[in-house]
Amino acid sequence: MGKETIVSQYPSKSQVQGENFDHQNLVTSAADNGKEESIGAPKGTSPALPGWYADVSWPGEAHIYKMEKIIFQGKSEFQELLVFESSRHGKVAILDGYIQLTENDEFAYQEMLTHLALCSIPNPKKVLLVGGGDGGILREISRHSSVEHIDICEIDKMVIDVYKKFFPDIAVGYEDTRVHVHISDGIAFINSVPEGTYDVIILDAFQPMGPIAEVLADNCFLESVAKALRPGGVLSAPADSLWHKNFVVADTIANCKKIFKGSVNYAWTTVPTYARHSLFNFIFTFLNSSSPFGVIGFMLCSTEGPPVNFKHPISRLNPEQNGVAKGPPKFYNSEVIR
C-alpha cells in the first residue's frame with residue numbers, strides 16, 4: 001500500500017465493472033437523453049488494490065474502504081455521484097471524489113448541525129436548508145414540532161433521487177409534509193427572499209459544489225444570509241477543524257460578529273469518516289479547508305435582536321417526538337454541548 005499508484009490512477013473498466021458493479025444503476029447526465037454509458041472508473045479507486053476506494057484528499061494520507069458492491073455511479077450536469085456498499089461502514093456516498101457520508105456515522109454531523117441551532121431559540125417556525133440533498137438534516141428538523149415550514153434549496157435533483165432510492169432512512173426527511181423542495185442555486189435563492197423571512201438557516205455546503213463554495217466564502221453572501229434571518233434568527237454552518245493550522249477560531253468569530261451582529265460561537269464534534277479528507281470547502285475559511293483528525297466544526301451565528309445563548313439551549317428535544325425519523329437521535333442531547 002506504500003506505492004504511489006494507489007492514489008494517482010484509476011483502475012480499468014474491467015476492474016471496476018466486474019461482479020461487484022450494479023449495471024442497472026449506471027446513469028449519465030440528463031443532457032445525454034438517458035443514454036446509458038460508462039463515465040469511467042470512480043474517482044479514488046485504486047489500480048493497486050482493485051475493489052477498494054482510496055480517500056486521499058488529505059495530503060500524504062489515505063483512508064481505504066473495501067467496496068463490496070458498487071450500487072450507483074451517475075453524472076449530472078453539476079457533479080458525479082458514486083454509491084457503494086462497504087464492508088464496515090454500510091453504504092458510502094462519494095460526490096465528485098469526496099466522501100459525503102457513510103451510513104455508519106452520518107447522524108453525528110446531521111444532528112449537531114441541526115439541533116445546535118434549532119434548540120437555541122424559542123419556537124422556530126420557518127427554516128431554510130441550503131444543500132443537504134441527502135435529506136438527513138430534513139430528518140432532524142422534523143423532530144421540532146414548532147416548525148411550520150421547511151424550505152430546502154438543492155441544486156442537483158440527481159442527488160435527491162439517489163438518496164431517496166439508496167438511503168431511505170436518511171432521505172426519510174423528504175416525507176415531512178412541511179418540506180418544500182426548490183431545485184435551484186442556493187445563493188440566488190437566498191438573494192431572492194424578503195428580509196427577515198427565516199428563523200433558522202442551515203448551510204450544508206460541500207467542496208464539490210465548486211463555484212458555489214467559493215461564493216459561500218464571500219462576506220457579501222453571508223450578509224445576504226443575515227438579511228434573510230429575522231431579528232434574533234440563527235445561522236448554523238460547517239466550519240473547519242480546530243486542529244487545522246490555518247484556521248483561527250478567534251478571527252472567524254470576529255468576522256462573523258461584524259456581519260451578524262449578534263451572538264457567535266464555535267462548536268465541534270467528531271465524525272470518524274471525516275478523519276482523513278477534505279470534505280468541505282468551509283464557508284468561514286478563506287483557504288482550501290480540510291478536516292483531518294475526524295473533527296468537524298460548526299459556526300453558530302445570530303442576528304441582532306433577542307439574545308441567543310448557544311451554550312445553553314432553551315429547548316430540549318422531546319424523546320417522544322421524532323417527526324419522520326425512525327427513532328430518537330443517536331448523538332445529540334442538550335448535555336453534549338456543555
Side-chain angles (χ1 to χ4, degrees), residues 90 93 100-154 159-160 163-164 167-182 197-205 229-230 232-238 265 267-271 273 296 298-302 306 308-338:
Q100 187 175 34
L101 58 77
T102 73
E103 286 182 314
N104 187 56
D105 57 16
E106 54 82 21
F107 57 86
Y109 170 78
Q110 316 264 31
E111 291 177 16
M112 291 291 281
L113 186 62
T114 304
H115 304 309
L116 286 172
L118 285 166
C119 290
S120 68
I121 58 176
N123 302 314
K125 297 185 182 301
K126 195 165 185 179
V127 181
L128 169 64
L129 169 61
V130 177
D134 55 85
I137 293 172
L138 295 177
R139 176 194 65 201
E140 296 308 313
I141 297 173
S142 79
R143 301 182 191 275
H144 294 262
S145 58
S146 69
V147 175
E148 299 174 352
H149 185 101
I150 307 166
D151 285 322
I152 173 172
C153 188
E154 166 62 52
V159 171
I160 296 175
Y163 274 101
K164 284 183 176 180
F167 297 86
D169 288 344
I170 299 175
V172 68
Y174 287 102
E175 296 180 11
D176 192 322
T177 58
R178 297 169 292 179
V179 170
H180 301 263
V181 179
H182 306 268
T197 296
Y198 295 102
D199 298 294
V200 175
I201 295 177
I202 300 174
L203 301 181
D204 189 21
L229 288 166
R230 55 107 166 144
V234 170
L235 164 72
S236 179
N265 280 102
W268 61 273
T269 193
T270 56
V271 183
T273 292
I296 292 291
F298 308 97
M299 290 308 304
L300 304 166
C301 311
S302 69
V308 177
N309 188 339
F310 293 110
K311 296 181 180 179
H312 299 280
I314 64 172
S315 62
R316 295 172 178 263
L317 293 177
N318 183 345
E320 305 300 322
Q321 171 61 48
N322 292 308
V324 297
K326 303 302 184 183
K330 299 178 181 180
F331 188 88
Y332 174 88
N333 63 66
S334 58
E335 302 300 320
V336 77
I337 62 173
R338 295 183 186 275

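What you see is a predicted model; the values in this text were computed from it and never measured.
When each of V234, D199, I141 is checked for a side-chain contact (heavy atoms from CB on, under 4.5 Å) with L118, only I141 meets the rule.
Separating the NE2 atom in H149 from the NE2 atom in H180 is a distance of 4.0 Å, to the nearest 0.5 Å. In this structure, I202 CD1 and F298 CZ are separated by 10.5 Å, a value rounded to the nearest 0.5 Å. With rounding to the nearest 0.5 Å, the separation of CG in L101 from OH in Y163 is 3.5 Å. For the atom pair CD (E106) and CD1 (I170), the distance works out to 4.0 Å, reported to the nearest 0.5 Å. For the atom pair CE of M299 and CZ of F310, the computed distance is 9.0 Å after rounding to the nearest 0.5 Å. Once rounded to the nearest 0.5 Å, the distance linking CG of D204 with SG of C153 reads 12.5 Å.
Closest heavy-atom contact between S236 and L300: OG-CD2, 3.6 Å. When all heavy atoms of D105 and T102 are compared, the closest pair comes out as OD1-OG1, 3.0 Å. Closest approach of H144 and R178 over heavy atoms only: O-NH1, 2.9 Å. Residue F107 comes nearest to R139 through the heavy atom pair CA-NH2, 4.1 Å, listed as atom of the first residue, atom of the second, then distance. In terms of heavy atoms, P329 sits closest to L317 at CG-CD1, 3.7 Å. Nearest heavy-atom pair across D169 and V172 is O-CG1, 3.3 Å.
Looking at E103, its side chain never comes within 3.5 Å of a backbone N or O of G90 through a donor-acceptor pair.
Partners of E140 according to the side-chain hydrogen bond (donor to acceptor under 3.5 Å, both in side chains) rule, which considers only residues two or more places apart in sequence or in another chain, are H115, R143.
Annotation: side chain of D176 is not in contact with side chain of L138 (no heavy-atom distance under 4.5 Å).
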Name each donor-acceptor pair under 3.5 Å that joins a side chain in residues 119-130 to protein atoms two or more places apart or in another chain, with its distance.
| residue | atom | partner | partner atom | Å |
| --- | --- | --- | --- | --- |
| S120 | OG | A117 | O | 2.6 |

For Y174 and I160, what are the C-alpha separation, side-chain angles and deciding distance, and is it a side-chain contact (heavy atoms from CB on, under 4.5 Å)? CA-CA 9 Å; Y174 287 102; I160 296 175; 3.2 Å; yes
Start with the C-alpha gap between L116 and Y332, add the side-chain angles, then the distance that decides, and say whether side-chain contact (heavy atoms from CB on, under 4.5 Å) holds. CA-CA 9 Å; L116 286 172; Y332 174 88; 4.3 Å; yes
